[in-house]
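Worksheet for the structure shown next.
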There are 2 protein chains.
Amino acid sequence: MNKEQKRISTPEILFQKMLNRIQSGEWKIGNAIPSERILMVEFGTSRLAIREALSMLRALGVLETNQGQGSIIRNLDTEIIGRLFPLLFSLEGDKTLEHIYQVRLAIESTTASMAALNRNENDLKNIKKTLQLLRTQIETDIEASIKTDLEFHIQIARATHNPLFPLLLETIASFVSYVQILSCKDNPQKKHKAMVYHESIFEAIQNQDSERARSEMESHLRSSANRMIKTGIII
Amino acid sequence: MNKEQKRISTPEILFQKMLNRIQSGEWKIGNAIPSERILMVEFGTSRLAIREALSMLRALGVLETNQGQGSIIRNLDTEIIGRLFPLLFSLEGDKTLEHIYQVRLAIESTTASMAALNRNENDLKNIKKTLQLLRTQIETDIEASIKTDLEFHIQIARATHNPLFPLLLETIASFVSYVQILSCKDNPQKKHKAMVYHESIFEAIQNQDSERARSEMESHLRSSANRMIKTGIII
DNA sequence: ATTTCAAAATTGGTAAGACCAGTTGGTGAA
DNA sequence: TTCACCAACTGGTCTTACCAATTTTGAAAT
């Protein structure tokens, strides 16, 4: 029983038309698009429909709007993927701590290795700075050090010069940070151990030793994963 | 000179709030959300703002709306993400492609290895069936074989028994399926080569040889990534 | 009592008009 | 010339009204 074609609403049509204009180059990236009032007469529709279509473009990250100025077309990079990842992950059930760590292991053993090959001096400087911050925080402010720890890993991901890796990592990590806080407290021995790993990873990346970077990262993650899973803390 | 915080518009806020409701499970997938009139009083805002927020959700594919019925929360299928791909072509089309392949490599070299260790007989049966289907399709129906190819990779990801891997892979892969269709046409030699890799990967998983599974998968992906990037196919 | 079917109520879709809130640029005063 | 202020843009929001599709209701016919 073939249902009728679903009526396509006006904003939907406008959305498609605008998308076409962008793809065809009629609306160039970086340039401003006509004002809502103008679009209104141009498309022969109400402002409401225009605004809803623009909202859709905004939701996708193709459009950036500022009051008083207008809207400009943005270059839609891989950021959109990052925007959708959290949604995908939260809607799908069944995340155990172990699952998350397996993914993290897959991602980070690669980022460590790639970072060792692709890092430039600036990357190195950033990672080093974060590492130093971590070194002091780990003795004083546990909660802050968790954040810095994540930042350290993200810095490494950035050094791959593939924007997807930091995005992915942030998404994944948002699921575990809570646990880390509970786990790391009052465990000076473990803290020290983690710090040693961090230093080793940094060294390997500095020396562009991709294999060692990968294996140190693996050991680091495995050890912290084990610790947490053993303590039985589930998110 | 720190710019003021950009004013966040009402629809934007509503969008976030609604997203939270979805993620928190207050609005369940498959269920209808309250009508626009009700949301209007609930959030204490005008219907316009509500509608713009709903438009954003629609644009992301999390909401499906039908006149006279209302709106229901959709499970965000990874397919919709693939639809966005044509948007991220502009300047960095090939670079984006490369980035995606790097992530795929990170994920799949791990899934192959893990699958070799964790697969059970049922997994094996599924993979084998898909592989056989692929063998026949690759001679006859290219388009279908692209889908089956992806299915093969996802089967492997499933065999890790970590649900995050297939999810991740689907997301990533949905971006490239477009390209593959264009790329694989009329290239019997490459098709054969890909098939050989597939067989090898399967063998390794069957024999629970995790190291070989990893390396075969790596070679496979590298070779197909190279092919596509070299041919310079941009959508 | 059950079935049927048309009217009513409910849902989203669209329009028009008014006004608020930032930004820009021009114009007049210092 | 320089500075301050005031239009005239821009998007942001609300109200009201009405259209269109669907579902629900309830009364009439069986």
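All of these numbers come straight from a predicted model, not from anything done at the bench. Within every chain, numbering begins at 1; the chains are lettered A, B, ... in the order of the sequence lines, protein sequences first and strands thereafter.
Along DNA chain D, the nucleotide closest to B:Gly68 and the one closest to A:Pro34 are compared, and the more 5′ of them pairs with A:Pro34.
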Please write out the pairs of protein N or O atoms and N or O atoms of nucleotides 16-19 of chain C separated by less than 3.5 Å, giving the distance to one decimal.
none

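Listed nucleotides: C:dG22, D:dT22, C:dT14. Nearest to the side chain of B:Gln69: D:dT22.
Contact annotation: the side chain of A:Gln206 approaches that of A:Leu124 to within less than 4.5 Å [non-hydrogen atoms, C-beta and beyond]. You'll find the side chain of B:Gln155 stays beyond 4.5 Å of the side chain of B:Leu131, heavy atoms only.
Between the CD1 atom of A:Ile50 and the P atom of D:dT10 there is a distance of 14 Å, given to the nearest Å. Look at CG on A:Leu63: it is 14 Å from C1' on D:dT10, rounded to the nearest Å. Computed from coordinates, the A:Leu54 CG to D:dT13 P distance equals 13 Å when rounded to whole Å. Across the protein-nucleic acid pair, A:Ile72 atom CD1 and C:dT23 atom P stand 14 Å apart, rounded to whole Å. Rounded to an integer number of Å, the gap from A:Ile38 CD1 to D:dA8 C1' is 13 Å. What separates CZ of A:Arg51 from C1' of C:dG13 is a distance of 17 Å, to the nearest Å. For the pair A:Glu36 CD and D:dT10 P, the interatomic distance rounds to 10 Å; values are reported in whole Å. Look at CG on A:Leu39: it is 14 Å from P on C:dA15, rounded to the nearest Å.
Applying the side-chain hydrogen bond (donor to acceptor under 3.5 Å, both in side chains) rule to A:Ser55 yields the partners A:Arg58, B:Glu52; only residues at least two apart in sequence or on another chain are considered. Residues forming a side-chain hydrogen bond (donor to acceptor under 3.5 Å, both in side chains) with A:Thr148 (at least two apart in sequence, or on another chain): A:Gln137. Here B:Arg119 pairs with B:Glu121 under the salt bridge (charged side-chain N to carboxylate O under 4.0 Å, His left out) rule; sequence neighbours left out. Residues meeting the ring pair (Phe, Tyr, Trp, His ring centres under 6.0 Å) test with B:Phe152, sequence neighbours left out: B:His198.
Between A:Thr10 and C:dG13, a side-chain N or O to OP1/OP2 separation shorter than 4.0 Å is absent.
Residue pairs that meet the salt bridge (Lys or Arg N to Asp or Glu O under 4.0 Å) test with at least one member in residues 153-167 of chain A, sequence neighbours left out, are A:Glu151-A:Arg158.
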